[in-house]
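Right, one structure below, let's go through it.
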Amino acid sequence: MKNNQIVKIFREISYLIQIAEEDPNTIYKVRAYERAADVIENLSTSIEEIYLKDGIQGLKKIPSIGNAISIKLEELVRSNKISYHEELKQKVPIKISEFSNMTGFGPKTMKILFERLGITSIAELENAASEGRISKIKGFSKTKEEKIIKTIQLSKKIKNRYLLGDVYPLIKKIENTLNEKENVIRCLVVGSFRRMKETIGDIDILISTDEPEEVIQFFVSMPEVREIKGKGKAKAFVELKNGIAVDLLVVPEESFGSAAQYFTGNKEHNISLRNLAISMDFHLNEWGLYNKKGRRIAGFTEQEIYESLQLPYIPPELRENDGEIKYFTQMRNEPLDLIEYGDLKGDLHTHSNITDGTMSISDMALHARKKFGLEYIAITDHTKSLGLANGLNENQLLNQINKIEQLNDTLSQGSFSDTVPDFRILTSAEVNILKDGSLDISSNILDKLDIVGASIHSNFSYSKDVQTNRLIKAARNPSVDILFHPTGRLINKREGYAVDIEKVIEVAIDTRTVLEINSNYNRLDLRDEHIRMAVKNDVKLVINSDAHHPVHFAYLIFGIGQARRGWAKKIDIVNRLKVDSLLKSLK
DNA sequence: GCCGTTTTCGGCCCGACTGTTTTCAGTCG
């Protein structure tokens, strides 16, 4: 039993309790399960390991885990289920996981719909809504009914599409395992995964080998595989235990490059490339590039294919048939100096446990430096109007500045190992943009900070004009260096607030305000086309993790992928600079 | 259900928005 499975069960319990139990005091029981889930989610060791080593007593040492929950964890480790959970599911047979993508739709609403209409699934909900049965219930309006239908449609659109970050670690692990296997010459995950798309429909894995049948047998027997859908001499189709479909393709080594090109896509890019080949009297398919006489002239590597078509290598993230072939045809001698995965030197959006993060400032710094090789981070805790996150007021912010100055002194005296000399913690804040676009902290305090980021955390439903003006006003504020969360979207879950990005970019040009590429794979506030628009207009960007825990620094690759998809060059990204140059570059 | 020199009970992060509840419950962060 993995920690993330435990987390899922606990969240489900907390949801079900809210429907099954009447006692008004259950809200605290609900919160206890949610807190426990949050704690377990951020645990670096597995619950199973802790239990096997130190038993119940070991579990009870974990914060927010007491008597009752530790006993349930014991049951879970021993029997893979919790009888309390099973009882709840029996009492309330609602398919909770189906509703996890529905925002604005919580357990209280679900309770009423279950009790009045017996709704337990999305399909039943959709039926009831389209038949107008929901608006007949007291407290539900036609508007609410329409909103439910709209939300279902949004959640349907994403059916079978996975967030890149949700599958990334598992797929990389499978790729590594296959690459290490003898008989496998090369293995590469291709398709939208390789293009670093925000969401992934299925996974395509490419392998070159001289022993195709043996490699295919090895692949379909991997522990991650749940079901073999099909298996032949050169292909296999499986479903993994997490539900995602994987196609495995086996090609001879001399065709690996052409197959990688062919299966990385996208489709339109490939069509353009094949047309280009035809115009040069060639023929291109997944087995190679052929001349008029049918002789293979390229295919071993992708570089070979592109070179033979008189193009420089086009990075996978750009292969969307969105002008890249034309660009690279014309700019052959002027390479696009894209931001690379190892280029970032710092992270300008991180949280500590002083607000809603989970680790101390020094722990965040230590991990950033030792595990991720960064040279600086900005601690951007929330400010006072974000009450739930314990937002800082002016005095607390001043205290934090002092604390960080002391920590920087300690760091410079060498208490950290010397892998990255001169690590620096920058003083900062994620300042809240209020209704009218003003900030919740006065400028005389903000001006004492190294960097100021501003973001919208409330009033999401204002009109486009109002919302855009809030962001513009914040950008025009001389104290604000960066606009965090420029769109506020949650991929597949929430559209984000209505905002005219073009206008925001115009103001960012004038005011030299930096826009954030938020690397959290659920967010990626700026879409690739927004990034491209910013880059075209010479607006600077920053790639931040928004880390609430040190493991979240790993999200930076998704921000870099997004930046590359938006054609961002090294010079467009401010946190590829060393800290002194960075601070000089800000307004 | 967790927590604790206010210990074995009585608290528990909370402000703002939304909708249709004319005074507040549900949801979000």
Side-chain angles (χ1 to χ4, degrees), chain A residues 10-11 13-21 23-40 56 59-73 82 84-85 88 99-113 134-148 150-151 351 353-358 380-393 396 430-436 440 455-463 466-467 470 484-485 488-490 493-497 518 520 522-523 525 546 548:
Chain A
F10 276 20
R11 298 231 163 98
I13 290 175
S14 103
Y15 198 106
L16 290 170
I17 293 172
Q18 293 176 73
I19 297 171
E21 294 194 18
D23 181 356
N25 234 25
T26 52
I27 184 67
Y28 298 111
K29 195 163 151 185
V30 169
R31 284 186 196 163
Y33 275 103
E34 270 166 11
R35 260 200 329 267
D38 290 347
V39 168
I40 293 169
I56 294 257
L59 294 174
K60 280 166 77 171
K61 285 203 186 101
I62 304 167
S64 301
I65 291 177
N67 252 325
I69 289 186
S70 59
I71 289 168
K72 291 191 173 63
L73 285 173
I82 299 176
Y84 179 52
H85 180 219
L88 283 169
F99 295 91
S100 60
N101 280 328
M102 305 260 303
T103 53
F105 194 88
K108 293 291 160 68
T109 312
M110 202 56 236
K111 179 181 166 77
I112 296 168
L113 293 176
I134 288 174
S135 56
K136 293 208 177 80
I137 302 172
K138 190 169 174 274
F140 287 76
S141 61
K142 268 279 168 217
T143 332
K144 178 114 188 162
E145 201 170 52
E146 281 159 18
K147 211 181 147 197
I148 286 174
K150 219 178 140 197
T151 316
H351 294 273
N353 58 6
I354 295 171
T355 60
D356 62 346
T358 49
T380 51
D381 278 325
H382 292 286
T383 49
K384 61 186 178 187
S385 60
L386 202 63
L388 175 58
N390 295 320
L392 306 175
N393 63 27
Q396 291 167 318
E430 180 173 3
V431 185
N432 225 4
I433 300 174
L434 301 173
K435 272 186 187 178
D436 64 349
D440 68 340
S455 36
I456 285 177
H457 280 106
S458 58
N459 310 80
F460 277 24
S461 58
Y462 282 1
S463 72
V466 176
Q467 214 63 276
R470 287 172 85 190
F484 287 164
H485 300 301
R489 72 163 171 164
L490 285 174
K493 290 188 184 169
R494 185 175 75 196
E495 298 275 13
Y497 28 85
N518 192 294
N520 183 318
N522 293 288
R523 297 183 175 274
D525 283 66
D546 198 358
H548 286 65

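Both backbone and side-chain heavy atoms feed into the values below; hydrogens, waters and symmetry mates do not. Chain letters run A, B, ... following the sequence lines, proteins first, then strands; residues in each count from 1. Predicted model, so just to flag it, every value in this text is computed and none were measured.
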Quiz item: What's the CD-C1' distance between A:Glu145 and B:dT20, to the nearest Å?
Solution: 15 Å

Exercise. Please measure how far the P atom in B:dC28 lies from the corresponding atom in B:dT23, and state the result in whole Å.
Key: 25 Å

Quiz item: Between A:Ile148 (CD1) and B:dT27 (P), how many Å, whole number?
Solution: 11 Å

Self-check item: A:Ile62 CD1 to B:dG1 P, straight-line distance once rounded to whole Å
Solution: 17 Å

Practice problem: With C1' as the reference atom in both, quote the distance from B:dG10 to B:dT6 in angstrom, rounded to an integer. | Solution: 11 Å

Quiz item: Would a 4.5 Å heavy-atom cut-off, applied to side chains only, mark A:Asn518 and A:His485 as touching?
Solution: yes

Exercise. Give one of base, sugar-phosphate or nothing for A:Lys142, where a contact means two heavy atoms less than 4.0 Å apart.
Key: nothing

Quiz prompt | Among B:dT27, B:dG1, B:dT20, the nucleotide that comes nearest once only the side chain of A:Ser141 is considered | solution = B:dT20

Exercise. For the residue pair A:His457 and A:His382, categorise the inter-ring angle as parallel (less than 30°), tilted (30 to 60°) or perpendicular (more than 60°).
Key: perpendicular

Quiz item: How far, in whole Å, is B:dT20 from B:dC14 if one measures between their P atoms?
Solution: 29 Å

Quiz item: Looking at the side chain of A:Lys144, which of B:dC17, B:dG1, B:dT20 is the nearest nucleotide?
Solution: B:dT20

Quiz item: When the distance from CG of A:Asn432 to P of B:dC28 is rounded to whole Å, what number comes out?
Solution: 18 Å

Exercise. Tell me what A:Thr109 touches on the nucleic acid: a base, only sugar-phosphate, or nothing, going by heavy atoms under 4.0 Å.
Key: sugar-phosphate

Each nucleotide N or O in nucleotides 21-25 of chain B that has a protein N or O under 3.5 Å away: list the pair and distance.
none

Practice problem: Provide, to the nearest angstrom, the distance between the CZ atom belonging to A:Phe140 and the P atom belonging to B:dT27. | Solution: 9 Å

Quiz item: Is there a Watson-Crick or G-U wobble partner for B:dT27 with both distances under 3.5 Å, and if so, which one is it?
Solution: B:dA16

Quiz item: Could you give the CD1-to-C1' distance, from A:Ile82 to B:dG1, as a whole number of Å?
Solution: 13 Å

Practice problem: Pick base, sugar-phosphate or nothing for A:Phe460, based on heavy-atom distances below 4.0 Å to the nucleic acid. | Solution: nothing

Practice problem: Please determine, for the side chain of A:Ala32, which listed nucleotide (B:dC17, B:dG1, B:dT20) has the closest atom? | Solution: B:dG1

Quiz item: What's the CD1-P distance between A:Ile71 and B:dG1, to the nearest Å?
Solution: 10 Å

Exercise. Just compare B:dT27, B:dG19, B:dG1 and give me whichever is closest to any side-chain atom of A:Tyr84.
Key: B:dG1

Practice problem: Determine the contact category for A:Lys60: base if any of its heavy atoms lies under 4.0 Å from a base atom, sugar-phosphate if only primed atoms, P, OP1 or OP2 are that close, otherwise nothing. | Solution: nothing

Self-check item: 5′-ward residue of the pair A:Asn67/A:Gln18 relative to DNA chain B
Solution: A:Asn67

Quiz item: When the distance from CZ of A:Arg31 to P of B:dG10 is rounded to whole Å, what number comes out?
Solution: 19 Å

